[in-house]
Amino acid sequence: MLRALNLPIESIRTVVAISETGSLTKAASKLGLSQPAVTAQVKRLQGLIGGQLFVKTPNGTTVTSLGELVLRQVRIILEANDQMLRLAGHGNATVHRVGLSNFFAQGLLERAGSDDFSDLFICADHSSTIRKGLIEGYIDVACIFRYGRRFRSFKNCP
């Protein structure tokens, strides 16, 4: 029987912090960890990945070519992880969960241009799916079609 392997989120965050700060020591400080703990997390992840992610240089820590590939993927993993936490109401920023029928979502995004939606989770789907999201509590506000071309706006009040 094969054992499923999982990448530890803590190690993933550590790798991103090292690449952003250019130093194991600075990454440790940023994450509130000791430098040996950071080194251990990197070694664990390198063991799972099968190669070296960083090299030490006179100017700090540099990402290897394998590290560059890994960083692209771990940033996607972290973003998905953080989005899931925000959906559940966790995280640093307040996120507003909005459900829109596909018709409304397209119009909103076309008019929005470069506006910052970092505090907005938009679920665009069929009105029936959005309604279900309101009932189940993973959408706070919805704008959906009802009775032909008319629409109603609903707010999920706890």
Side-chain angles (χ1 to χ4, degrees), residues 1-102 104-106 108-110 112-126 128-142 156 158:
M1 182 166 81
L2 292 175
R3 190 178 130 224
L5 296 176
N6 293 305
L7 300 174
I9 286 291
E10 296 81 16
S11 296
I12 290 172
R13 286 195 193 282
T14 298
V15 167
V16 171
I18 294 167
S19 73
E20 289 174 352
T21 62
S23 161
L24 273 73
T25 305
K26 288 178 185 175
S29 177
K30 178 179 179 177
L31 297 169
L33 300 170
S34 67
Q35 195 271 333
V38 167
T39 300
Q41 287 186 0
V42 170
K43 286 183 180 180
R44 181 175 182 200
L45 193 56
Q46 287 179 156
L48 289 168
I49 301 296
Q52 192 172 4
L53 303 177
F54 299 100
V55 292
K56 288 191 179 195
T57 66
N59 297 329
T61 304
T62 305
V63 181
T64 65
S65 56
L66 174 61
E68 288 288 342
L69 294 172
V70 168
L71 277 168
R72 282 189 218 131
Q73 296 304 311
V74 298
R75 285 190 170 106
I76 294 167
I77 292 168
L78 275 180
E79 181 57 31
N81 178 78
D82 294 348
Q83 282 182 13
M84 292 297 290
L85 291 173
R86 285 191 299 268
L87 278 175
H90 305 291
N92 297 336
T94 301
V95 175
H96 306 284
R97 301 169 298 189
V98 178
L100 302 171
S101 72
N102 292 330
F104 289 117
Q106 182 179 355
L108 171 71
L109 296 174
E110 286 173 355
S114 63
D115 287 346
D116 181 19
F117 287 117
S118 61
D119 64 341
L120 197 63
F121 169 79
I122 299 175
C123 178
D125 210 324
H126 296 284
S128 59
T129 305
I130 299 301
R131 183 177 180 275
K132 182 179 177 191
L134 272 172
I135 293 167
E136 293 179 1
Y138 64 86
I139 293 176
D140 299 318
V141 178
N156 189 15

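Starting from 1, each residue takes its place in the sequence as its number.
- For the atom pair OG1 (T25) and CD1 (I18), the distance works out to 9.5 Å, reported to the nearest 0.5 Å.
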Would you tabulate the side-chain donor-acceptor contacts of residues 8-15 under 3.5 Å, counting partners in other chains and residues two or more places apart, or write 'none'?
residue : atom : partner : partner atom : Å
R13     : NH2  : D82     : OD1          : 2.6
T14     : OG1  : E10     : O            : 2.8
T14     : OG1  : Q41     : OE1          : 2.2

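- The shortest heavy-atom contact between S19 and V63 is CB-CG2, 3.9 Å.
- Contacts of K30 classified as salt bridge (charged side-chain N to carboxylate O under 4.0 Å, His left out), with partners at least two apart in sequence or in another chain: E20.
- Checking L24, V38, T39 one by one against L33, the side chain to side chain contact (heavy atoms under 4.5 Å, CB included) holds for a single residue, V38.
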May I have the list of side-chain donor-acceptor pairs in residues 45-57 shorter than 3.5 Å, sequence neighbours left out?
residue : atom : partner : partner atom : Å
Q46     : OE1  : L53     : N            : 2.9
Q52     : NE2  : F54     : O            : 2.8
T57     : OG1  : N59     : N            : 3.4
T57     : OG1  : G60     : N            : 3.3
T57     : OG1  : G60     : O            : 2.9

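- Rounding to the nearest 0.5 Å gives a distance of 12.0 Å between CD of E79 and CD1 of I77.
- In this structure, S23 and T61 approach most closely via the heavy-atom pair CA-OG1, 3.9 Å.
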